[in-house]
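Encoded as structure tokens, the structure appears first; notes follow it.
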Amino acid sequence: MKTNIRYYIYLLSLFTMPIILANYYYIDDMGRASSGYLGWGKDGRPLSDAIMYIVNIGTPITDIAPLTVVISIAILSLSMSKWQSFVDNNASGFFIVASFMANPYLAENFSYRFDVLPMMAGISLAFLGFSINTRSVITKTIITVAIFISSLATYQVNVNIICALVICEFAINAQRWPITKSINNLLLRISQVFISIYIYLAIILPISFNGNHVENHPGIAEKSIIRTILNNLYDYFYFIDETFIYNFKALICLFLLISIISSVVIIKKVTPSKSKAYDIFFYISILSSPFLIIILCVGSLLALENTIVYFTRLYIGVSFVFIYLSICLNIIFKSIKIRFLCFLLMVFPSISYFYTYGNAIREQSIYTKIIISQVSSIAYNELSDSNPNLFFNGSGGKSKFTINAENKYPLIKYSIPNYFRVWYWPIKAFEMNGVSVKFTTDRRDLNKNWCVDTLIKKTQNFDVIFTENSMIVDFEKKCHQ
């Protein structure tokens, strides 16, 4: 099996089909589809702005989905097939590279109608950076650094992907090349990564970033850095353990076992070099690689001043647990049938999740529109001459399809947006369905006794309470108690 882009197109199309069919406006999509703004550049992602400006032939940008997903599939397939030519041109190489899709957290990345293209472009650039093949080290470094900087300028979290690919490349080279050549290439890659990060932080970020760090876009921690990293490490991995589609602890134990076995196999096979220092560095690097891969599930997020654990699109690094595991399995098992079986065991649970997620988000979208329509219908007279603050009480507003999907996959609870709780985006959800309301952080109306001297409209599933300035949708039906 030679490297062929079409196999990746088939695989990615299989994964993304239920999300495309769901035809859902995912959080920021509502703002961009209705107002046409870009807005990534001010967060330090100027290349994202440039990509969407070009694809939309200028501003205001418009909703061209699913074209954004189709282009994403094409460029990601191209870059993955290019990297496979380095990994292995036969079926085993495809199994290694394609195991990237065994990561269920990628479902959120593919859910965005707008962000999906910049995010997939950044991932594609990361893969492409490890596919440059020139004889000149200087030329290779210049091109690679430029590609890495471009990847960071689409999404900063791509630094985790780049670092993980350095480790995966080293593991592949370790079984092919002499120790000296493997270590020299590893050191070259590390220097390329550091140069790229330095240029991005020193030049690109200051030029593009608006300087505002908010809770969901935190800055790098400046105080108690070690404590912050350790606390963040616990929070992120606790979240992964709670939300992964099967037992994450068991996966990590199996990963470490197989990785260590493959490391021992490599160490036994490799011929010692003439330099003891090179040999020691090689042994330490190959034995520590699996542990670094685990940390890179979240990587750069550990240094931020606060955690953003619920942003499941940030866990792209989990994909490289599977890629590295596939590399190790390729070292241990020579049978293509066993390799194929291992690939299926990794990928199929993720396929199941993607389809469950896609169907659940479609049904939740329908249910959300029904609830908003009911609110609009029973509150028509009050809404016709006012623009109230919108609040919610209780945990309702979920379809039975969504609840059942959450019971099977807890990750769905954090991946499907709930537009019936107090945050900004429900305002846009109501506006997109013809109801004009306002968002406020002043929650005094939410904390007072609603059931006294207020207008209450009762329905089977919720009450709508009108105070002087606010409309409260109460799923707990507090005034019935």
Side-chain angles (χ1 to χ4, degrees), residues 22-30 107-108 111 242-243 309-312 356-383 386-452 454-467 469-481:
N23 196 31
Y24 185 79
Y25 284 87
Y26 197 89
I27 311 178
D28 300 52
D29 288 340
M30 293 185 290
E108 180 174 341
S111 297
E242 289 293 305
T243 60
V309 293
Y310 303 129
F311 290 13
T312 60
T356 301
Y357 168 81
N359 291 327
I361 203 168
R362 183 193 65 229
E363 294 303 320
Q364 183 59 39
S365 175
I366 295 170
Y367 191 76
T368 297
K369 290 177 181 178
I370 291 172
I371 295 295
I372 293 175
S373 177
Q374 289 177 346
V375 171
S376 176
S377 177
I378 67 170
Y380 176 78
N381 292 330
E382 285 67 32
L383 290 172
S386 66
N387 189 22
N389 300 320
L390 178 64
F391 293 106
F392 300 95
N393 181 60
S395 57
K398 291 184 180 181
S399 74
K400 290 186 176 181
F401 296 96
T402 304
I403 294 170
N404 183 53
E406 287 178 359
N407 291 336
K408 176 68 178 292
Y409 297 119
L411 176 57
I412 286 179
K413 179 180 179 182
Y414 303 98
S415 299
I416 297 182
N418 182 356
Y419 295 121
F420 300 111
R421 61 182 179 86
V422 182
W423 59 309
Y424 173 74
W425 288 108
I427 308 304
K428 279 293 180 184
F430 271 69
E431 285 181 1
M432 287 187 69
N433 288 278
V435 182
S436 181
V437 286
K438 293 187 297 187
F439 173 75
T440 180
T441 56
D442 184 354
R443 302 194 178 192
R444 282 178 293 182
D445 281 351
L446 192 60
N447 296 327
K448 65 174 59 173
N449 186 353
W450 321 321
C451 302
V452 178
T454 56
L455 175 63
I456 302 173
K457 298 289 186 75
K458 298 179 180 180
T459 73
Q460 184 178 20
N461 298 314
F462 56 86
D463 290 345
V464 180
I465 298 96
F466 292 91
T467 66
N469 301 307
S470 303
M471 177 175 73
I472 303 167
V473 180
D474 179 19
F475 291 100
E476 290 185 353
K477 305 179 79 170
K478 189 175 178 180
C479 298
H480 289 220
Q481 297 174 6

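Start at 1 with the first residue, then count along the sequence. None of these values were measured; they are calculated from a predicted model.
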Between [X] (side chain) and [Y] (backbone), is there a donor-acceptor pair under 3.5 Å?
X	Y	result
N389	F439	no
K438	S470	no
T368	Q364	yes

Considering residues at least two apart in sequence or located in another chain, which fulfil the side chain to side chain donor-acceptor pair (under 3.5 Å) criterion with [X]?
X	answer
N461	none
Y25	D63
K413	none
Y409	S352

Could you list the residues that satisfy side chain to side chain contact (heavy atoms under 4.5 Å, CB included) with K408, not counting sequence neighbours?
none
Can you name the ring-ring contact (aromatic ring centres under 6.0 Å, His included) partners of [X], sequence neighbours left out?
X	answer
F391	none
F311	none
Y26	Y112

Looking only at heavy atoms, the pair that brings I412 and T356 closest together is CD1-CG2, 3.9 Å
Acceptor/donor pairs from residues 392-401 side chains to any protein atom, 3.5 angstrom cut, sequence neighbours excluded:
residue, atom, partner, partner atom, Å
N393, ND2, D474, OD1, 2.7
N393, ND2, E476, OE1, 3.3
K398, NZ, E406, OE1, 3.3
K398, NZ, E406, OE2, 2.9
S399, OG, F401, N, 3.4
S399, OG, T402, N, 3.1
S399, OG, T402, OG1, 2.9

Taking only residues two or more places apart in sequence or in another chain, which ones pass salt bridge (Lys or Arg N to Asp or Glu O under 4.0 Å) with E431?
K428
Quick one: list whatever passes salt bridge (Lys or Arg N to Asp or Glu O under 4.0 Å) with D463, sequence neighbours left out.
none
Where at least one partner belongs to residues 358-376, residue pairs that pass salt bridge (Lys or Arg N to Asp or Glu O under 4.0 Å), sequence neighbours excluded
none
For a 4.5 angstrom cut-off between non-hydrogen side-chain atoms, does F462 reach I371?
yes
